[in-house]
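Note that these values count all heavy atoms, side chains included, but never hydrogens, waters or copies made by symmetry. Since the structure is predicted, the reported quantities are computational estimates derived from the model, not experimental observations. Whatever order the structure lists them in is the order used to number ligands and atoms, beginning at 1.
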Amino acid sequence: MIVMKFGGTSVEDSTAIDRIAGIVKARLAERPLVVVSAMSKVTDGLLAMAAAAGKGDIDKAVELCHRVRERHFTTAGELLHTGLFTEVHARLQTEFESLEHLLRGIAAVGELTPRTSDYVVSFGEQLSSIVVTAAFTARGLPAILLDARKVIITDSQHGKAIPQVEEISGKLQVHAKPLIANGKVPVMGGFIGSTREGITTTIGRGGSDFSAALAGAGLNAERIEIWTDVDGMKTTDPRICPDAHRIKIISFDEAAELAYFGARVLHPATVLPAIEKNIPVLVLNSRNPSNEGTRIVARTQKSRSLFKAIAAKPRITIIEIVAARMLMAHGFLAKVFEIFDRHKCAIDIVSTSEVSISVTVDSNEAIPAITADLEKLAYVKFSGRQAIICLVGESIRERPGVAAQVFDAMKEINVRMISQGASELNMSFVIEESDVPAAIRTLHARFFNDLDPEVFD
Ligand code: ADP
Ligand code: ASP
Ligand code: MG
């Protein structure tokens, strides 16, 4: 069997959904399980309505809710014939009543908890999976809705709950395998799950890729296909650099590094459950299904090109901790890292000097509290609106002088921090967010002009 995951843009409207029905049909013999994201921008919309309700602005929350509702009804109407539409209409109606009821409850209490927020956001994937299942059925596919919350069991860290791999595997055997064995095509919402007690959770933004990988790993899929709106993974974000090239083949490690440092095209954790089982992952374009996309495999052949890709991760804050005498004192670093740990804040890059430690973190609401705690130990400065630029490639470690070439290309740009990753697969540095497009275009022009045709298109 195979897993096919369709992202937000691949289910954004009736045309997109009609297109993916055709793509799934062409793979029917391979017994697919389908994972779908919420329709594009719906998750953001749900978060906005939850926030409005949390602030007591029920009118705004309801207005936003009505927009999402219209979009789903219109899409369903365009996709379905009358009989099925009546059925789906009733189903969607019930969902929207629950959602509106929930928003009114949040507004009445005037507080949005992470748990309620997860519940609100989960509607995105629930709604899209209802519409997609019906559309598939109407197009002759033996589709059947599979509630992700029955199989994706997680812990209770709302917003970024951790999937429990063993339990998920067990649930898949019970709830998905028999359907597939009976020739059905299960359609499951990505991104959402539930705790053992049945409380709805979400597994982090962009998490539908993760859901697909969990399903693929749990069911020992032959392949996981991540369908998106570009021809696979590119040498850099095509929105910044339209002449980015398609990467035909990339190793799991390189892809993970890229995804971690901001190549939104694939969720980093996707790679993990798949690596462990050696399941190939393909990134494909639902608007151009005949393109071969990118194949992510355990190991790749050596390539003569220095780098595979450049990624940028915006919304980074640098926190600089300055402490003249204490810095090198035994136990100081441990105390610093303990503070970040207590605030559940992950650090990306660290650099130290005689008198200071600089770390980068994703910009987040905990920064003032972290700073306050750090100030008990040392003098602290932070600067927001930074970005990490990351160059990835397996050949970096063997080539001398790489850093010199990179920084020569970057000489017009103010580089704040530098790190050559411990994995030796990446070289990263921190710059102002506003310098990202220029930095990427310059690096791309310099390092991606003579490409190995075995690896790049
Ligand atoms: P989906 O909704 O299918 O999950 P995403 O928006 O999460 O899609 O990811 C696809 C987008 O990722 C592309 O439209 C592209 O702009 C962006 N992207 C960033 N870096 C890369 C890259 N290196 N290769 C391909 N796409 C990239
Ligand atoms: N809908 C979720 C999000 O926008 C998950 C996903 O699309 O992967 O983050
Ligand atoms: Mg995505």
Could you tell me whether Glu63 and Arg67 have a side-chain N and a carboxylate O separated by less than 4.0 Å?
-> yes

Hey, are Asp147 and Arg149 close enough for a salt bridge, meaning a charged N less than 4.0 Å from a carboxylate O?
-> yes

Out of Asp118, Val120, Ile152, which residue meets the side chain to side chain contact (heavy atoms under 4.5 Å, CB included) rule with Thr202?
-> Asp118

Okay, side chain of Gln173, backbone of Ser169: is any donor-acceptor separation there less than 3.5 Å?
-> yes

Test: Glu167 and Arg196 ion pair at under 4.0 Å = yes

Any donor-acceptor N/O pair, Ser128 side chain to Ser37 backbone, under 3.5 Å = yes

Can you establish whether the number of heavy atoms outside Arg446 located under 6.0 Å from its atom CZ is more than 12?
-> yes

Check each protein residue for a heavy atom under 4.0 Å from ligand 1 and list those that pass, ordered by chain and number.
-> Lys5, Gly7, Gly8, Thr9, Trp227, Thr228, Asp229, Val230, Gly232, Met233, Lys234, Thr236, Asp237, Pro238, Arg239, Ala263, Arg264, Val265

What do you reckon, are the aromatic ring centroids of Phe407 and Phe429 less than 6.0 Å apart?
-> yes

Could you pull out the N/O contacts under 3.5 angstrom between ligand 2 and the surrounding protein atoms?
residue  : atom  : partner : partner atom : Å
ligand 2 : 1 (N) : Thr43   : OG1          : 2.8
ligand 2 : 1 (N) : Glu125  : OE2          : 2.7
ligand 2 : 4 (O) : Thr43   : OG1          : 3.4
ligand 2 : 4 (O) : Arg205  : NH2          : 2.9
ligand 2 : 7 (O) : Ser37   : OG           : 3.0
ligand 2 : 8 (O) : Gly206  : O            : 3.4
ligand 2 : 8 (O) : Gly207  : N            : 3.4
ligand 2 : 8 (O) : Ser208  : N            : 3.0
ligand 2 : 8 (O) : Ser208  : OG           : 3.1
ligand 2 : 9 (O) : Arg205  : NE           : 2.6
ligand 2 : 9 (O) : Arg205  : NH2          : 3.4
ligand 2 : 9 (O) : Gly206  : N            : 2.8

With a 4.5 Å heavy-atom cut-off, do Thr228 and Leu284 have their side chains touching?
-> no

